[in-house]
Number of protein chains: 2
Amino acid sequence: MKTPARAKRSAVGKVTLNDVAERVGVSAITISRALRTPEKVSEVLRQRIDEAVQELGYRPNYAARALASARSHTVVVLVPSLSNEVFVDTLSGIYETLHPRGYQVLIGNSRYSKEEEERLLSAYLTHNPDGILVTGFEHTAEVERLLANAGCPVVYMMEMDEQGQRPCVGFSQYECGLAMTNYLLQRGYQRIGFMAVQGDSRVLKRWQGYQDSLKQADRYDPRREYYVPDSSSVGLGAELLAQMLEQAPDLDAVFCCNDDLAQGALFYCQRHGIRVPEQLAIVGFNDLAASAWTVPSLTSIATPRYAIGKRAAELFLQLAEGQTPEQTAFDLGFELVARESA
Amino acid sequence: MKTPARAKRSAVGKVTLNDVAERVGVSAITISRALRTPEKVSEVLRQRIDEAVQELGYRPNYAARALASARSHTVVVLVPSLSNEVFVDTLSGIYETLHPRGYQVLIGNSRYSKEEEERLLSAYLTHNPDGILVTGFEHTAEVERLLANAGCPVVYMMEMDEQGQRPCVGFSQYECGLAMTNYLLQRGYQRIGFMAVQGDSRVLKRWQGYQDSLKQADRYDPRREYYVPDSSSVGLGAELLAQMLEQAPDLDAVFCCNDDLAQGALFYCQRHGIRVPEQLAIVGFNDLAASAWTVPSLTSIATPRYAIGKRAAELFLQLAEGQTPEQTAFDLGFELVARESA
DNA sequence: TTGTAGGCGTTATCAA
DNA sequence: TTGATAACGCCTACAA
């Protein structure tokens with residue numbers, strides 16, 4: 001019913017700082033201060049202001065704040081997938097670190113597409129983020145250019161920077177591949193295959209580790225490698241194992257580039273009466289939650305994704321505060337979890 | 001090297017509309033128009049503007065735009081979990097519909113906490129979203145108040161509004177519970193248990209359906225119900241089945257309130273030599289990707305979550321454009337997928 | 001401790 | 001088709 005004289009273009013007649021100021025009888029800036037730096041406002045005033053804010057239901061306008069302060073309090077996070085426990089866990093670590101510090105997290109899901117990543121980044125840059133957290137070092141030239149000119153700290157996640165220049169938190173994917181394959185060799189497996197999908201740089205590095213391990217043991221045979229660019233899934237693991245067994249029937253172990261695949265491979269064996277690990281050993285990667293419960297349980301590599309998210313966020317915070325951390329590259333390691341399947 | 005006289009507080013010396021305007025020799029508003037409504041700018045000018053934009057690398061400032069236009073081009077989506085395929089799929093549907101229309105999607109993950117949901121919504125409202133997509137109808141009073149006063153369309157997802165007032169896209173969780181239990185009865189199972197976790201309203205409704213089905217068949221026995229408030233996981237399914245079998249050893253079928261649980265229950269049976277479905281039938285809910293591949297494969301209920309996200313986003317679009325759609329409540333149904341486990 | 005002035009980058013409004 | 005002007009709501013800088 002009331003027609004506020006002031007509001008000319010005001011979107012929905014939302015309560016502004018000025019409304020609160022009028023109500024309390026002070027200037028707008030004082031309200032602003034009371035909200036952001038309460039200690040700089042007198043006790044009495046602060047109390048009256050808090051009340052007025054409550055009564056009027058004042059809610060600061062994000063856009064106005066971002067515009068006036070030239071700080072968005074926003075951190076952009078670029079991940080290749082959300083349907084993967086790994087990145088959801090990473091996001092948890094990021095969120096739990098950044099949220100208490102007053103940052104909004106803008107999630108960009110590129111679906112393993114570099115082009116989509118480019119679009120996302122380009123769009124999100126209009127937000128003038130205070131920081132950007134990206135997955136991996138493999139991007140389009142344009143993305144690299146955008147990141148370089150973003151004017152805010154950029155932290156790379158999941159892998160280590162080989163040039164050692166850029167801030168990053170991750171672990172050596174190559175070492176993972178090496179360690180797991182060495183483990184299989186050590187357990188006496190002789191004809192070890194590798195099942196790869198997606199083909200992102202992290203998978204390729206694990207694969208490289210696998211190859212180097214076998215070559216060193218003089219057991220490498222390209223016929224036992226299987227790669228398709230499709231996105232990972234349990235079903236795909238089952239299908240690919242069928243194909244691998246056809247191509248290399250003498251396989252005695254498969255290293256699946258991730259646990260989804262490994263679970264699918266295991267189910268395939270269950271269905272076809274192939275005993276695991278007696279006839280065929282199966283190992284995965286990432287140690288997804290279900291892998292401890294399958295029968296047999298899956299040997300895998302546990303990756304510190306939550307910790308990566310957390311540390312990456314912390315690193316961003318340091319960088320954003322203008323600190324010069326002595327360390328900007330964090331290798332958080334990994335753990336080989338030996339279970340029943342190999 | 002150049003020191004732009006104008007830039008006094010400019011955050012990072014970003015290129016603005018004015019910079020482009022100067023370069024082209026027109027006013028800023030013309031650049032703005034050329035970018036938003038190219039058809040309102042002359043051919044020649046448009047071309048020169050496009051070039052200048054390219055050369056200077058101009059990128060509109062989201063905050064300024066939102067402030068000036070009182071439109072954020074942002075839609076807030078509140079989900080209870082990201083570690084659940086269901087909501088990730090829903091988000092895909094939303095994103096794929098809204099992104100091409102120029103909307104940003106702000107994801108809020110409440111982790112099944114109503115209090116966290118309240119904090120999230122409160123924070124996100126500062127963005128003045130153009131719309132809000134929420135999961136379910138069960139919220140704190142404050143959230144309900146905030147939604148009612150948000151001043152933008154709100155669409156509820158996953159359930160149907162019993163009062164039939166609010167815009168919603170979902171399906172009847174109750175009917176799902178009913179249908180699945182009827183199916184089991186029909187298949188001849190007599191002592192059917194229910195395994196519930198999380199305890200959100202959707203689970204409760206399925207549970208209600210289960211109870212009503214059994215009561216009607218005069219086969220209801222509360223000893224066969226098992227509920228813990230913990231969050232769902234494969235491991236929990238295994239643990240709970242162990243407890244259920246102890247409490248009601250005569251169980252001949254379990255209806256798990258979702259597929260995670262069902263998979264865990266199945267793995268428990270595999271490990272303990274309980275034949276499924278001969279000794280114990282297992283059914284789940286949601287039809288997660290892996291459920292088709294386990295051995296035996298899991299009977300479940302496929303839910304149209306991608307479609308729900310898509311339709312909810314479309315409904316929002318209609319509402320946002322001021323249309324009055326004749327239909328604002330969409331029941332997208334569900335499908336019982338009979339497989340080997342029951 | 002509080003206030004004044006001015007501007008952040010864009011768009012709505014109205015005029016030319 | 002183009003432009004001048006005045007917001008949008010808040011914050012920085014400086015002053016009192």
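Since we're looking at a predicted model, the values are computed, not measured. What's counted below: heavy atoms across the whole structure, side chains too, no hydrogens, waters or symmetry copies. We name chains A, B, ... by the order of the sequence lines, and we start the count at 1 in each one.
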Original post:
Taking CZ from B:Arg46 and C1' from D:dT1, how many angstroms apart are they, rounded to a whole number?
Top reply: 12 Å
**OP:** To the nearest 0.5 Å, tell me how far B:Leu82 CG sits from B:Asn109 CG.
**Re:** 4.0 Å
**OP:** First locate atom CD1 of B:Ile94, then atom OH of B:Tyr306, and finally report the distance between them rounded to the nearest 0.5 Å.
**Re:** 10.5 Å
Original post:
Can you find a pair of side-chain heavy atoms, one from A:Val79 and one from A:Thr90, that are under 4.5 Å apart?
Top reply: no
Original post:
Are the charged groups of B:Lys114 and B:Glu118 less than 4.0 angstrom apart, N to O?
Top reply: no
Subject >> Closest to side chain of B:Ile29, choosing from D:dG3, C:dT10, D:dG9 >> reply: D:dG3
Original post:
A:Arg71 has an atom CZ; how far is it from atom P of C:dG9, in whole Å?
Top reply: 16 Å
Would you tabulate the nitrogen or oxygen pairs shorter than 3.5 Å linking the protein to nucleotides 14-16 of chain D?
none

Original post:
Are the side chains of B:Leu78 and B:Ser110 in touch, meaning some heavy atoms are under 4.5 Å apart?
Top reply: no
Original post:
So, is A:Ser32 near the phosphate of D:dC10, with a side-chain N or O under 4.0 Å from OP1 or OP2?
Top reply: no
Original post:
In terms of side-chain geometry, is the basic nitrogen of A:Lys310 or A:Glu96 positioned less than 4.0 Å from the acidic oxygen of its partner?
Top reply: no
Original post:
Does B:Arg48 have any salt bridge (Lys or Arg N to Asp or Glu O under 4.0 Å) partners at least two apart in sequence or in another chain, and if so, which?
Top reply: none
Original post:
Between atom CG in A:Leu45 and atom C1' in C:dG3, what is the gap in whole Å?
Top reply: 12 Å
Subject >> A:Asp19 CG - D:dC10 C1' separation (whole Å) >> reply: 13 Å
Subject >> Atom-pair distance (CD on A:Glu39; C1' on C:dT2), nearest Å >> reply: 15 Å
**OP:** Can you tell me the distance, in whole Å, between the CG atom of A:Leu67 and the P atom of D:dA7?
**Re:** 17 Å
Original post:
Taking only N and O in the side chain of A:Arg65, is any of them less than 4.0 Å away from OP1 or OP2 of D:dC10?
Top reply: no
Original post:
What nucleotide among D:dT2, C:dG3, C:dG9 has an atom nearest to a side-chain atom of B:Ser42?
Top reply: D:dT2
Original post:
Quick one, which residues of residues 54-61 of chain A touch DNA chain D with a heavy atom under 4.0 Å?
Top reply: A:Tyr58, A:Pro60, A:Asn61
Original post:
How about B:Glu321: does its CD atom have over 12 heavy atoms from other parts shown lying under 6.0 Å from it?
Top reply: yes
Original post:
Hey, does the side chain of A:Thr30 come within less than 4.0 Å of C:dG3's phosphate (OP1/OP2), counting only N and O?
Top reply: yes
Original post:
D:dC8 C1' sits how many Å from B:Asn128 CG, rounded?
Top reply: 11 Å
Original post:
Is there a side-chain polar atom (N or O) of A:Ser27 under 4.0 Å from OP1 or OP2 of C:dG3?
Top reply: yes
Original post:
Rounded to the Å, how far apart are A:Lys14 NZ and D:dC10 C1'?
Top reply: 15 Å
Original post:
What distance do A:Arg119 atom CZ and B:His99 atom NE2 have between them, rounded to the nearest 0.5 Å?
Top reply: 6.5 Å
Original post:
Between A:Ser69 and D:dC10, is there a side-chain N or O to OP1/OP2 distance below 4.0 Å?
Top reply: no
**OP:** Answer with yes or no whether the side chains of A:Thr74 and A:Tyr124 bring together a donor and an acceptor at under 3.5 Å.
**Re:** no
